[in-house]
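Each chain gets a letter, A, B and so on, in the order its sequence line appears, and its residues count up from 1. Just the heavy atoms: all of them, side chains too, but no hydrogens, waters or symmetry mates, feed the values below.
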There are 2 protein chains.
Amino acid sequence: MDKLLKIGEVAKQANITVETLRFYQSEQLLIPKMSNQSGYRLYSVQDQQKLNFILHSKKVGFSLSEIKQLLSLRTDKDQHTCEEVKNYTGDKIDEIESKIHDLQKMSLALSNLHNACCGGSESAKQCTILNSLDDPELFANSNNKTLGKNHD
Amino acid sequence: MDKLLKIGEVAKQANITVETLRFYQSEQLLIPKMSNQSGYRLYSVQDQQKLNFILHSKKVGFSLSEIKQLLSLRTDKDQHTCEEVKNYTGDKIDEIESKIHDLQKMSLALSNLHNACCGGSESAKQCTILNSLDDPELFANSNNKTLGKNHD
DNA sequence: CTTGACCCTAAAGTACACTATAGGGTTTAT
DNA sequence: ATAAACCCTATAGTGTACTTTAGGGTCAAG
Ligand SMILES: [Zn+2]
Ligand SMILES: [Zn+2]
Ligand SMILES: [Zn+2]
Ligand SMILES: [Zn+2]
């Protein structure tokens with residue numbers, strides 16, 4: 001019933017290498033059970049969910065040691081007080097909200113560039129609308145200026 | 001009129017070290033003008049905005065080489081066609097939206113933990129509500145389960 | 001019963017993003 | 001005019017997160 005996958009199958013599904021999975025084990029991030037007749041690693045569905053969390057967290061800029069702490073909130077509850085859990089999660093939530101905010105600004109700035117550009121095969125140097133936003137949009141603290149379309 | 005700051009002042013404002021700024025120059029990411037009487041680096045307001053963009057982009061998981069490409073959209077327009085610009089920005093926007101999505105899931109999962117935990121000084125092992133969410137919330141593909149409050 | 005695809009450990013090597021060190025010039029304030 | 005506080009270059013070293021190498025076991029298919 002509890003489907004266990006071997007390292008190669010997990011790696012393939014997650015689009016990472018088996019070496020990365022062994023590395024995560026050596027770092028105590030994701031510890032599968034080991035088959036005691038073959039010595040092979042066997043990953044449960046929960047292990048695969050955990051791996052998903054690791055990969056998504058990495059993508060948005062968390063380090064492996066931060067991810068380890070996040071995972072330990074669930075796994076090592078008895079090592080923390082409720083106060084610690086509450087403070088830590090509160091701080092992380094703030095951090096995440098700030099990342100979301102930064103990403104929304106970047107998305108807006110790039111959308112302005114994207115919408116302004118005609119997408120044709122000529123040099124973007126000629127793209128006057130692209131030229132017209134020559135100071136701010138891509139940078140932080142940008143304002144929400146909307147632009148028209150097309151060249152010249 | 002154009003206020004130029006020395007490296008130490010810029011570093012202090014951005015809360016990074018002068019070595020990092022010199023490193024960014026060596027990587028062609030942020031190239032200030034050099035005073036030709038003292039040989040000191042002089043950073044313009046635009047340079048500082050650029051630095052802001054670099055720092056915010058880094059925070060959300062972009063590598064220095066990705067950031068360099070993003071910056072080059074504005075700086076080296078003549079080296080790209082409109083088509084390239086449009087495709088590149090389109091792809092980056094998708095990537096950013098996906099990061100936002102992941103962060104929103106993490107935020108929700110951590111908020112559930114945060115709201116469930118009483119914040120008291122006892123071991124979180126005792127925190128039955130924290131115990132009750134013992135499989136999914138923190139992990140990817142989580143669903144939006146809302147929890148009550150308090151211990152026992 | 002062997003061959004190929006897969007798995008194992010241990011240890012060395014690599015890419016990225018800094019960080020520190022050595023040796024020296026510039027500015028500013030007393 | 002001299003000393004603290006700042007700046008410079010060049011180069012070596014560090015931490016993180018893998019990646020590769022070397023030398024073997026395991027397992028399903030033919
Ligand atoms: Zn264009
Ligand atoms: Zn165009
Ligand atoms: Zn609690
Ligand atoms: Zn509690």
Side-chain angles (χ1 to χ4, degrees), chain A residues 3-44 47-48 50-72 95 99 102, chain B residues 3-44 47-48 50-72 95 99 102:
Chain A
K3 186 82 187 297
L4 297 173
L5 296 190
K6 282 185 287 178
I7 196 168
E9 304 170 302
V10 174
K12 195 168 188 180
Q13 288 210 3
N15 201 35
I16 56 174
T17 69
V18 297
E19 287 79 20
T20 301
L21 283 166
R22 287 195 276 251
F23 172 70
Y24 287 165
Q25 181 175 8
S26 76
E27 298 289 289
Q28 308 281 103
L29 254 103
L30 183 58
I31 301 165
K33 83 181 239 257
M34 308 289 283
S35 158
N36 53 348
Q37 97 242 45
S38 67
Y40 286 9
R41 287 165 180 80
L42 297 173
Y43 293 83
S44 68
D47 288 334
Q48 293 166 59
K50 213 162 172 173
L51 177 59
N52 250 301
F53 179 76
I54 294 169
L55 266 18
H56 285 276
S57 302
K58 247 174 54 66
K59 187 170 104 185
V60 294
F62 288 104
S63 69
L64 294 189
S65 93
E66 287 174 305
I67 295 168
K68 200 169 160 183
Q69 289 185 76
L70 284 165
L71 289 173
S72 100
E95 206 179 306
K99 282 179 193 240
D102 283 351
Chain B
K3 186 82 186 296
L4 297 174
L5 296 190
K6 282 185 287 179
I7 196 167
E9 303 170 303
V10 174
K12 194 168 189 180
Q13 288 211 0
N15 201 34
I16 56 174
T17 70
V18 297
E19 286 79 18
T20 300
L21 283 166
R22 287 196 276 252
F23 173 70
Y24 287 164
Q25 181 175 11
S26 77
E27 298 288 288
Q28 307 282 104
L29 255 104
L30 183 59
I31 302 165
K33 83 183 241 255
M34 308 291 282
S35 158
N36 53 350
Q37 98 241 41
S38 66
Y40 285 11
R41 287 164 179 81
L42 297 172
Y43 293 83
S44 68
D47 289 333
Q48 294 166 60
K50 213 162 170 172
L51 177 59
N52 249 303
F53 180 75
I54 294 168
L55 266 19
H56 284 276
S57 302
K58 247 174 55 66
K59 186 169 106 185
V60 293
F62 288 104
S63 70
L64 294 189
S65 92
E66 286 174 307
I67 295 168
K68 199 168 160 181
Q69 287 184 77
L70 284 165
L71 289 172
S72 101
E95 206 179 307
K99 282 178 193 236
D102 284 351

Length of the line joining [X]:[atom1] and [N]:[atom2], which is rounded to integer Å:
{"X": "A:M34", "N": "C:dC7", "atom1": "CE", "atom2": "P", "value": "12 Å"}
{"X": "A:L51", "N": "D:dC18", "atom1": "CG", "atom2": "P", "value": "11 Å"}
{"X": "A:K59", "N": "D:dA17", "atom1": "NZ", "atom2": "C1'", "value": "19 Å"}
{"X": "A:Y43", "N": "C:dC6", "atom1": "OH", "atom2": "C1'", "value": "14 Å"}
{"X": "A:L42", "N": "D:dC27", "atom1": "CG", "atom2": "C1'", "value": "14 Å"}
{"X": "B:E19", "N": "C:dA22", "atom1": "CD", "atom2": "P", "value": "14 Å"}
{"X": "A:L55", "N": "D:dA17", "atom1": "CG", "atom2": "P", "value": "13 Å"}
{"X": "B:N36", "N": "C:dG25", "atom1": "CG", "atom2": "C1'", "value": "16 Å"}

* **Nearest-nucleotide comparison on DNA chain C, the residue closer to the 5′ end among B:T20 and B:K6** =>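 Nearest nucleotide further toward 5': that of B:T20.
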* Identify, between B:L64 and B:Y40, the residue whose nearest nucleotide on DNA chain C lies closer to the 5' end. =>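 Whichever sits nearer the 5' end wins; that is B:L64.
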* To do: Using a 4.0 Å heavy-atom cut-off across all strands, classify A:R22 as base, sugar-phosphate, or nothing.
  => base
* Given D:dC27, C:dT27, C:dA20, the nucleotide with the shortest approach to the side chain of A:Q37 ->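 My answer, after comparing the listed nucleotides, is D:dC27.
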* Which one, C:dC7, C:dA17, D:dC8, comes nearest to the side chain of B:F23? -> C:dA17
* Asked: Which atoms form the tightest heavy-atom contact between B:A11 and B:T17, and what is the distance?
  -> CB-C, 3.9 Å
* Asked: Do B:K50 and B:Y43 meet the cation-pi criteria used here (NZ or CZ under 6.0 Å from the six-membered ring centre, within 45° of the axis)?
  -> no
* **Residue whose closest nucleotide on DNA chain D lies nearer the 5' end, A:T17 versus A:S35** =>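 Its nearest nucleotide lies further toward 5', so the answer is A:T17.
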* **Sidechain-backbone polar pair: A:K99 side chain, B:K59 backbone, donor-acceptor under 3.5 Å** => yes
* Considering the options A:M34, A:E27, A:K33, A:Q28, which one meets the side-chain contact (heavy atoms from CB on, under 4.5 Å) requirement together with A:I31? -> A:Q28
* Short side-chain N/O contact to D:dC18 OP1/OP2 from A:Y24, under 4.0 Å -> yes
* Asked: Are A:R41 and D:dT26 close enough that a side-chain N or O sits under 4.0 Å from OP1 or OP2?
  -> no
* Asked: How long is the span from the CG atom in A:N52 to the CG atom in B:D102, to the nearest 0.5 Å?
  ->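 A:N52 CG to B:D102 CG: 9.5 Å, rounded to 0.5 Å.
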